[in-house]
Amino acid sequence: MTKICDFSRTGKIDMRLAILGMLLISFFQAAHAEAEKNCQYLAGASAHDITGPMIGTIMNGYGSPDHRPHGIHMRLWSRSLVLQDSCTGQIVSLTVNDLGMIFSDLKQTILDRLEQEVPGQFSHRNLLLAATHTHSALGGYSHRTLYNIPTLGFHSEVYEAIVTGTVKSIIDAYHSMEPSRLFVNQGRLSGAGFNRSIAAYNSNPSWERDLYSAPVPETMTLLKVVKKSGQDLASFNWFAVHPVSLPLSGQMISGDNKGLAAYYLEKSVTQKQGQKGYVAGFLQGNSGDVSPYPISIDGYQHQKGWQRLEDSAQKQFQKAKVLHQEARQELAGPMKIVHTFIDLHTYGIDGQNGGKTCYGALGFAFAAGTENANPLALFEEGLPKQGASWPHLQLMPEDQSCHGEKKILLPTGRFNPSWTPHVLPFQIITIGSLAIIAAPFEITTMAGRRMKRLLRESIESLGIRYTVLSALANDYAHYVTTPEEYQAQHYEGGSTLFGIRTLEAYIEIYRKLMTQLKASEPFRVKKGYEALQRPWFKAGIELTLDSKPIYKNYGSLVVPLMSQYQHGEPITAKFWAGDPRHSQANKGNYFRIEKQSATSSDWQEVLNDHDHETRVHWEAAGLRQSQMVLTWLTSLSSQEDGVYRICHRGQAKGLWSGLQPYNTCSKPFALRRK
């Protein structure tokens, strides 16, 4: 009996301990839940110039060495939003650049510079570096051969301008972080995109096409950031449309429709708040086959490029403005990130069918280009047409068998080093109920829809309500289509690097990442990331001595301006100038318009060469002589009546004097309304 009583007493003690333990667990869980409620986001935003030299280079996007800039419509920018979860300390930078593509070597160099500035803060894991995909930005900044062929080499000046400006935007955003609130909003934007490969799109199953109201994506998702003080800090939105409003024949550096939409939104919010600092990022979605204008059978209508630009930018700006104003759904919860590198050369796909991807290769349809531009008219899109008049040679019989309908033109993955990437970065970032799937490729409308549909179960199990596919991020692996579109072999199918099973492989990789995200597995660096390559042919910019007429000074006007102009007419000032490459674009504006104060003789800058209503054009005027043509399109301007002057700054290089800066202005003139 004594023993029995002892056991009973011990049992009661154990029971009490168990109850006490449960109470303690409940207490700590409640404390943790309360702490989570007290968690907050820190945010900082910044933008910096990445324009680079305005002449002497070749633009990226259309793949033509004839696409050479001779001026600036708008400057190019790197826009960064740096966020931190105060509870976990997790940091992420969302950075979007006015560029055609992002390359892994570019991102690696940026990370190396960031490591020098803020050690241990940024890595491939927590930096999402995306491109708007403007086709009117400079090229020649990749270390891979393929992308430097149209630009006739690697341009170190372009590369350095991009790296310097991007690092500056991230660092300034990082150092300016303060407590902020995050909101998300979605809305439909119709009539802003047109499917340029409708025949390929229509090859998808009818039941799948019937799920959607249009053959292009029509959803814009916007992330809004507001300081605790109530001041709007930034907004980043995702919408699928190609920035190809300006044509192949254009000669102006420009952020195209997304760059102009960002300009409009930043200007709108800044004017409302009465202070600068608001940053608007316009990112890409599944825009692989989405044009900003309907494809016309009577040619590309190049003369309408400026109107197309205005139409597309206004539609995106107006929608983003409404979403920004009406954003009420506040984000809460931890920020999480998963990231890995995967080698897509013969990647083994799990599942019942098994199978593998192929060594990277581009087909004849790739060389045909898109309906927006056709730099190589020798080639045509479509399965029956590609390479029909060419000798029937198989460059890589084994690879050709894997690639199926795509007749191989360039076996880029077989070159050593590879002309195209094959070890790709895959990244998912969640901020509360928002998931950002970073994709290092261009993805067509239906391929993006199918990916999100097949990932829906995994997404919803994470408690995600909003999902964006952030394309053209962290690297560039060309296109991905649905298998049905691939078989049609239009441009997008001919540009799908790893064969017909590419989409299936990508979906599987993202599904596995979501499993890791749900399990909160720690980040592990995937071995096998390709080392930074050195470009094997460079195109240096030759900076020669400047010259001018003996009786003129650098910065003097070729022809004096009139004393008065009327609103609606263009005002053009032509200056004798030094070569604009002597004063790199991100070291200061070439062009500014100043207005005289109504109460004093002071002058204030009101416009510069980033503004949509200005144009900068360079002209060769003789042996080593340059003229800068600066135009103010007052028909686009909201400036009031007053007294103005046009100013130009630059540097000229003399034989004995070296680089000499100059900064001059025209005589004042009046601007009046009729």
Side-chain angles (χ1 to χ4, degrees), residues 41-51 74-84 91-99 102 110 114 122 127-132 134 162 164-185 220-239 243 255-284 313 316-317 319-325 327 331 429 431 434 436 468 470 473 586 608 610-612:
Y41 299 117
L42 305 178
S46 182
H48 279 275
D49 194 304
I50 57 170
T51 306
M74 299 181 72
R75 302 171 79 82
L76 308 177
W77 295 88
S78 174
R79 295 176 169 91
S80 291
L81 173 62
V82 176
L83 303 172
Q84 184 173 24
I91 293 176
V92 66
S93 179
L94 306 179
T95 300
V96 58
N97 286 3
D98 290 328
L99 293 174
I102 298 298
I110 290 168
L114 288 171
F122 294 101
L127 170 59
L128 189 160
L129 181 60
T132 62
T134 172
I162 296 169
T164 301
T166 305
V167 170
K168 183 69 172 170
S169 78
I170 297 171
I171 290 294
D172 284 1
Y174 171 80
H175 285 307
S176 66
M177 284 192 296
E178 60 182 280
S180 303
R181 301 172 68 189
L182 275 56
F183 300 85
V184 65
N185 199 6
M220 177 182 284
T221 303
L222 182 137
L223 171 65
K224 175 182 177 179
V225 185
V226 182
K227 296 180 182 179
K228 282 294 180 70
S229 63
Q231 179 187 348
D232 293 326
L233 177 65
S235 69
F236 274 44
N237 75 77
W238 289 263
F239 182 72
D256 207 272
N257 54 58
K258 287 194 177 290
L260 182 53
Y263 166 82
Y264 280 144
L265 187 55
E266 288 172 346
K267 193 173 183 179
S268 173
V269 176
T270 297
Q271 288 176 343
K272 180 180 178 182
Q273 296 186 159
Q275 54 187 347
K276 294 183 178 180
Y278 179 80
V279 177
F282 281 66
L283 293 90
Q284 277 297 352
Q316 293 180 71
F317 154 61
K319 190 63 184 181
K321 182 179 179 181
V322 170
L323 293 177
H324 174 272
Q325 292 171 340
L331 293 176
I429 299 169
I431 308 168
L434 170 67
I436 304 169
V468 293
S470 194
N586 59 348
N608 59 44
H610 174 53
D611 288 289
H612 175 46

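Given the structure is predicted, the values throughout are model-derived calculations rather than measurements.
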Intermediate values then yes/no, side-chain contact (heavy atoms from CB on, under 4.5 Å), L81 and L223: CA-CA 10 Å; L81 173 62; L223 171 65; 4.2 Å; yes

Nearest heavy-atom neighbours spanning S176 and G44: OG-CA, 3.6 Å

Spacing of L323 atom CG and M220 atom CE [to the nearest 0.5 Å]: 6.5 Å

Shortest non-hydrogen separation from L283 to K258 and the atoms involved: O-NZ, 3.2 Å

Side-chain heavy atoms of V225 within contact of V279, under 4.5 Å: no

Minimum heavy-atom distance between S80 and T95, given as atom pair plus value: OG-OG1, 2.9 Å

Test salt bridge (charged side-chain N to carboxylate O under 4.0 Å, His left out) applied to D98 - qualifying residues, sequence neighbours left out: R79

Any side-chain heavy-atom pair of I436 and L94 under 4.5 Å: yes

Heavy-atom pair of closest approach, residues S470 and W238: OG-NE1, 3.0 Å

Between Y174 and S46: side-chain donor-acceptor atoms closer than 3.5 Å: no

Heavy atoms from other residues, nucleotides or ligands near NZ of K168 exceed 12 (cutoff 6.0 Å): no

Residues T166, I50; criterion side-chain contact (heavy atoms from CB on, under 4.5 Å); working and verdict: CA-CA 7 Å; T166 305; I50 57 170; 4.0 Å; yes

Check: P179 and L42 side chains under 4.5 Å, non-hydrogen atoms: yes

Beyond-backbone contact of I170 with L127, side-chain heavy atoms, under 4.5 angstrom: yes

Geometric class of the F317/Y264 ring pair [parallel <30°, tilted 30-60°, perpendicular >60°]: tilted

F239 side chain reached by L222 side chain, heavy atoms, under 4.5 Å: no

Shortest non-hydrogen separation from M74 to H612 and the atoms involved: CG-CA, 4.4 Å

Test applied, side chain to side chain contact (heavy atoms under 4.5 Å, CB included); reference residue, L99; option that passes from I162, T134, L129: I162

Residue pair P243 / Q284, side-chain heavy-atom distance below 4.5 Å: yes

Donor-acceptor contact present, side-chain T51 to main-chain L76, <3.5 Å: yes

Side chain S93, main chain I91, donor-acceptor under 3.5 Å: no

Reported CZ-to-CD1 distance for the pair F122 and I171, which is rounded to 0.5 angstrom: 6.5 Å

Heavy-atom donor-acceptor pair, K321 side chain to L265 backbone, under 3.5 Å: no

Spacing of CG belonging to N97 relative to OG belonging to S169, to within rounding of 0.5 Å: 6.5 Å

Listed partners of Y41 passing ring pair (Phe, Tyr, Trp, His ring centres under 6.0 Å), at least two apart: none

From CD (Q84) to CE (M177), nearest 0.5 Å: 4.5 Å

Heavy-atom closest pair, residues V184 and T221: CG2-CG2, 4.1 Å

Worked check of side-chain hydrogen bond (donor to acceptor under 3.5 Å, both in side chains) between S268 and Y278: CA-CA 10 Å; S268 173; Y278 179 80; over 6 Å; no

Side-chain (K224) to main-chain (D232) donor-acceptor, under 3.5 angstrom: no

D49 and W77, any side-chain heavy atoms less than 4.5 Å apart: yes

